[in-house]
Amino acid sequence: MTTPDVNVFLFNFPSPGNEMVVQNEDDSYTILINAKLSQDGQLKAYQHALNHIKNEDFEKSDVQSIELHAHEIDVSEEIISVPTDKFEKRIQQLQRERKKIQRALKAKRKELEIVSELYGPDYFEKAARDNWLYGGLK
């Protein structure tokens with residue numbers, strides 16, 4: 001493989017990310033590196049992008065495999081091929097847990113409203129300031 005032309009630009013990414021690589025029409029590449037990264041982080045992002053170019057990842061279609069390989073993560077086929085129903089069951093379990101937590105939060109908010117109505121809206125601020133809420137003697 002011949003060494004391709006590579007253009008590198010530092011760019012303030014609007015969202016999280018380290019780098020982005022684009023293959024240009026003339027078969028050169030443009031690497032955008034997040035300017036918000038430290039110098040070491042920028043260097044690592046540049047090396048990561050170069051590895052994608054060297055491995056000809058732009059010719060491949062399976063993004064997960066590309067990234068696993070780029071980060072040198074070895075994953076067996078058993079781990080990759082998990083039945084969909086397992087994920088669905090886990091998602092349903094997490095949704096039930098979330099609803100339970102939301103109900104508990106709603107109950108606690110109600111308790112706080114009652115305390116505020118009984119003792120005034122600045123009750124907790126005064127209690128914290130006087131330190132008696134946290135075990136102090138005042």
Side-chain angles (χ1 to χ4, degrees):
M1 174 181 166
T2 61
T3 305
D5 291 328
V6 177
N7 304 297
V8 181
F9 298 95
L10 290 177
F11 182 77
N12 283 321
F13 284 24
S15 59
N18 295 338
E19 85 286 323
M20 180 187 303
V21 186
V22 178
Q23 185 174 20
N24 304 316
E25 290 179 13
D26 64 354
D27 288 331
S28 67
Y29 294 87
T30 299
I31 300 174
L32 300 174
I33 297 177
N34 193 344
K36 296 173 187 171
L37 296 173
S38 66
Q39 187 175 7
D40 186 52
Q42 290 174 0
L43 183 59
K44 287 178 182 176
Y46 174 72
Q47 289 295 331
H48 181 84
L50 276 184
N51 285 337
H52 281 300
I53 294 168
K54 289 177 188 174
N55 293 329
E56 298 178 350
D57 289 339
F58 294 90
E59 307 299 321
K60 302 171 185 169
S61 61
D62 184 4
V63 175
Q64 290 179 346
S65 295
I66 292 169
E67 285 301 318
L68 288 171
H69 184 265
H71 291 280
E72 298 177 352
I73 299 172
D74 184 30
V75 179
S76 70
E77 279 298 315
E78 287 178 25
I79 295 174
I80 291 174
S81 60
V82 176
T84 306
D85 65 322
K86 276 192 164 188
F87 287 114
E88 289 174 351
K89 286 178 184 176
R90 180 64 178 140
I91 288 170
Q92 290 169 352
Q93 178 187 7
L94 290 171
Q95 288 171 335
R96 286 190 301 271
E97 289 174 12
R98 182 175 184 255
K99 285 180 183 178
K100 184 178 177 181
I101 291 168
Q102 286 175 330
R103 284 192 301 271
L105 282 172
K106 187 176 181 181
K108 290 295 178 189
R109 282 191 195 106
K110 187 66 176 167
E111 288 177 26
L112 288 173
E113 287 175 15
I114 292 169
V115 169
S116 283
E117 287 174 16
L118 290 174
Y119 300 105
D122 60 345
Y123 171 76
F124 291 105
E125 182 181 333
K126 182 183 181 316
R129 187 176 52 247
D130 292 346
N131 200 23
W132 62 266
L133 185 64
Y134 301 105
L137 300 172
K138 285 248 177 177

Closest non-hydrogen atom pair, S28 against D26: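 Smallest heavy-atom distance, with atoms named: OG-OD1, 2.5 Å.
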Would you compute the distance between atom [atom1] of [X] and atom [atom2] of [Y] and round it to the nearest 0.5 angstrom?
X	Y	atom1	atom2	answer
N18	L32	CG	CG	12.5 Å
Q42	I31	CD	CD1	12.5 Å
Y29	H52	OH	NE2	12.0 Å
N34	M20	CG	CE	10.0 Å

Side chains of L10 and I33 in contact at under 4.5 Å (non-hydrogen atoms):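 Yes. Closest side-chain heavy atoms under 4.5 Å.
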Which residues share a side chain to side chain donor-acceptor pair (under 3.5 Å) with N7, sequence neighbours left out: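 Scan of N7 (side chain to side chain donor-acceptor pair (under 3.5 Å), adjacent residues dropped) gives none.
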Within one Ile-Leu-Val-Met-Phe-Trp-Tyr cluster: F11 and V8, side-chain cutoff 4.5 Å: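 Each belongs to a different hydrophobic cluster.
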Same apolar cluster (I L V M F W Y, side chains within < 4.5 Å links), F9/F13: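 Yes; F13 is reachable from F9 via cluster members.
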Pairs meeting criterion salt bridge (Lys or Arg N to Asp or Glu O under 4.0 Å) with involvement of residues 29-39, two or more places apart: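 Output for this query is empty, none listed.
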Nonpolar side-chain network containing I91, other nodes, edges under 4.5 Å: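 ILVMFWY cluster around I91 holds nothing else.
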ILVMFWY clustering at 4.5 Å (side-chain atoms), partners of L94: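 Direct or chained contacts put L94 with none.
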Pairs meeting criterion side-chain hydrogen bond (donor to acceptor under 3.5 Å, both in side chains) with involvement of residues 96-105, two or more places apart: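 For residues 96-105: Q93-E97.
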Between D40 and S38: side-chain donor-acceptor atoms closer than 3.5 Å: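 Their side chains do not contain a donor-acceptor pair, so the 3.5 Å distance test is not met.
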Sequence-distant partners of E88, salt bridge (charged side-chain N to carboxylate O under 4.0 Å, His left out), two or more places apart: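 E88: no salt bridge (charged side-chain N to carboxylate O under 4.0 Å, His left out) contacts found.
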